[in-house]
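To start, the structure itself, in structure tokens.
We're numbering straight along the sequence, starting at 1.
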Amino acid sequence: MMQSDPIGFFLALSFALGAFLGGGWWCLRRWSQARHLLDTPTSKIRSAAQGYVELYGVLEALPDMQIRGPLTGKPCVWWRFRIEEYRSSGKKRNWRVIESGASDAWLRLADGTGECLIDPRGAEIRAAVREVWEGSQRHPLGPAKTGLFSFLGGGQRYRYSEERFHVGQPLYAIGDFRTLGASQQGFDRHAAQGEVIREWKGDYAGLLRRFDSDGNGELDEQEWNRVRLAAQLEAEDRHRHKAAEPAWHQMGKPAERQPFILSNSGEDELARHFYWQAAAGAVLCVAGAVATAWLLGVQHW
């Protein structure tokens, strides 16, 4: 039968191979993510090392930021939405995504020792608050009533979903952590001195006015020594001013292939969920391998 229907055979083989490869990839990916979560200790913001870090704290509002969910209009600090349209053609009935989006506003996480700003772009986000409802308008004005009333005035059906982060919610975050500000940087006196001298050389006439004591239009060795000393003092003064500025912490997507996750759930719950998904991927992989072997065996026979 397989030989008499080569198209059906290759379709079945492609599906089996896809299940084998896709299931294996998904299993390894979720297993690796779970191990990253469990193997990375939770850090405090104030003492966190630079690099890949796990934080746990509470979401706080950013000043002068008024964010509302695009479908519900409810105040929040982050949102993600999806609008689906119900399609019916013959025996085929399904929901088709026609519009979606996510907030790119930064988040502020506080843990009692400090605050960290988080850029959510590129993160896998798992929000505890998720609202789903249906209506007859493409863009709802707040949550619509379900039932017959929601479809009066039109036969088209839409399904809306909106996820949100709110002020005061717990947040688990794992990603690339950086502390910015000159107070966190080492002071290289020689490099800083050279930078000041290069800056002064950009205005060589001004440099001569300041340090050409004999007025011959050139700087001799003694005059250059005074330039170097003045540049060193200037560099040290600049560093002191920068070091007095407060440092700030931020988190974003890691450059390496490490998970970047923001979730209202804790580490243990996330890891458990990832392990279950890894197991499902393993089952799919084995099923795909068995189906592939069977199909190849039948074809050979």
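No more than 12 heavy atoms of other residues, nucleotides or ligands lie within 6.0 Å of CH2 in W276, so this atom counts as exposed by the packing criterion. Counted within 6.0 Å of CZ on R228, heavy atoms from surrounding residues, nucleotides or ligands total more than 12; the atom is thus considered enclosed.
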Report task. Apply salt bridge (charged side-chain N to carboxylate O under 4.0 Å, His left out) to the pair E134 and R159, showing each step before the final yes or no. Result -> CA-CA 4 Å; E134 295 183 18; R159 183 166 64 189; 5.1 Å; no
Query raised in the report: Is there a side chain to side chain contact (heavy atoms under 4.5 Å, CB included) between L219 and L207 once you walk through the steps?
Result: CA-CA 9 Å; L219 296 176; L207 188 65; 3.9 Å; yes
Report task. Tell me, with the steps shown, if E163 and F81 meet side chain to side chain contact (heavy atoms under 4.5 Å, CB included). Result -> CA-CA 6 Å; E163 300 169 89; F81 80 94; over 6 Å; no
Query raised in the report: Please walk me through it: do I67 and W79 pass side chain to side chain contact (heavy atoms under 4.5 Å, CB included)?
Result: CA-CA 9 Å; I67 300 176; W79 51 261; 3.6 Å; yes
Report task. Starting from the C-alpha separation in whole Å, work towards a yes-or-no answer on side chain to side chain contact (heavy atoms under 4.5 Å, CB included) for I174 and L262. Result -> CA-CA 7 Å; I174 185 168; L262 305 175; over 6 Å; no
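Listed for the Q66 side chain is no donor-acceptor partner under 3.5 Å among the backbone atoms of P75. A distance-only check finds a donor-acceptor pair linking the side chain of D212 to the backbone of N216 [under 3.5 Å]. At distances below 3.5 Å, at least one donor-acceptor pair connects side-chain atoms of R108 with backbone N or O atoms of A61. Q50 contributes a side-chain N or O that, together with a main-chain N or O of T179, makes up a donor-acceptor pair within less than 3.5 Å. Judged by distance alone, with hydrogens and angles left aside, the side-chain atoms of H139 form no donor-acceptor pair with the main-chain N or O of I83 at under 3.5 Å.
Both V77 and I118 belong to a common hydrophobic cluster when Ile, Leu, Val, Met, Phe, Trp and Tyr are linked at side-chain heavy-atom distances under 4.5 angstrom. Hydrophobic clustering of Ile, Leu, Val, Met, Phe, Trp and Tyr side chains at less than 4.5 Å, counting indirect connections, unites L107 with I125. By the criterion of side-chain heavy atoms lying less than 4.5 angstrom apart, applied directly or through intervening Ile, Leu, Val, Met, Phe, Trp or Tyr residues, F260 is not grouped with Y172; the two fall into different hydrophobic clusters. When hydrophobic clusters are built by joining Ile, Leu, Val, Met, Phe, Trp and Tyr residues whose side-chain heavy atoms come closer than 4.5 Å, directly or via intermediates, V58 is not grouped with L55. Residues V286 and V283 are members of separate hydrophobic clusters, defined by side-chain heavy-atom contacts under 4.5 angstrom among Ile, Leu, Val, Met, Phe, Trp and Tyr.
Between the side chains of S213 and E223, at least one donor-acceptor pair of N or O atoms lies under 3.5 Å. Of the N and O atoms on the side chains of Q232 and H190, not one donor lies less than 3.5 Å from an acceptor on the other residue. S161 and E131 are not linked by any side-chain donor-acceptor pair at a separation below 3.5 angstrom, with hydrogens and angles left out of the test.
Contact check for L117 versus L109: no side-chain heavy atoms found under the 4.5 Å cut-off. V129 has its side chain out of reach of E162: every pair of non-hydrogen atoms, C-beta onward, lies at least 4.5 Å apart. Between D220 and D214 there is a side-chain heavy-atom pair separated by less than 4.5 Å. Residues Y52 and P259 have side chains in contact (heavy-atom distance under 4.5 Å, counting atoms from C-beta outward).
Rounded to the nearest 0.5 angstrom, E84 CD and S100 OG are separated by 9.5 Å. Here E54 contributes atom CD and I261 contributes atom CD1; the two are 9.5 Å apart, rounded to the nearest 0.5 Å. In this structure, D119 CG and Q250 CD are separated by 8.0 Å, a value rounded to the nearest 0.5 Å. Considering SG of C116 and CZ of R46, their distance stands at 15.0 Å, rounded to 0.5 Å. In this structure, the separation between CZ on R226 and CG on L229 is 10.0 Å, given to the nearest 0.5 Å. One distance of note links CG of N94 with CZ of R87; it measures 8.0 Å at 0.5 Å rounding.
Between R68 and G73, the shortest heavy-atom contact is NH1-O, 2.8 Å. D111 approaches Y56 most closely through the heavy-atom pair CB-O, 3.5 Å. Between T113 and I45, the closest heavy-atom pair is OG1-N, 3.4 Å. Contact between A127 and R164 at its shortest, heavy atoms only, is CB-O, 3.6 Å. For the residue pair W133 and P140, the shortest heavy atom distance occurs at CZ2-CG, 3.9 Å. Nearest heavy atom pair, residue A110 against residue E115, reads CB-CG, 4.1 Å.
The existence of a salt bridge linking R138 and E99 is confirmed by a sub-4.0 Å separation between a basic side-chain nitrogen and an acidic carboxylate oxygen. For R238 and E236, the salt-bridge test fails: no basic side-chain N is under 4.0 Å from an acidic carboxylate O. The existence of a salt bridge linking K201 and E199 is excluded, since no basic side-chain nitrogen approaches an acidic carboxylate oxygen closer than 4.0 Å.
Ring geometry, F165 versus W78: the interplanar angle falls from 30° to 60°, so the pair is classed tilted. Relative ring orientation between Y158 and Y160 is described as parallel, the plane-to-plane angle staying below 30° on a 0-90° scale split at 30° and 60°.
In this structure, R82 is not positioned above the aromatic face of W95 in the sense of NZ or CZ being under 6.0 Å from the six-membered ring centre and within 45° of the axis.
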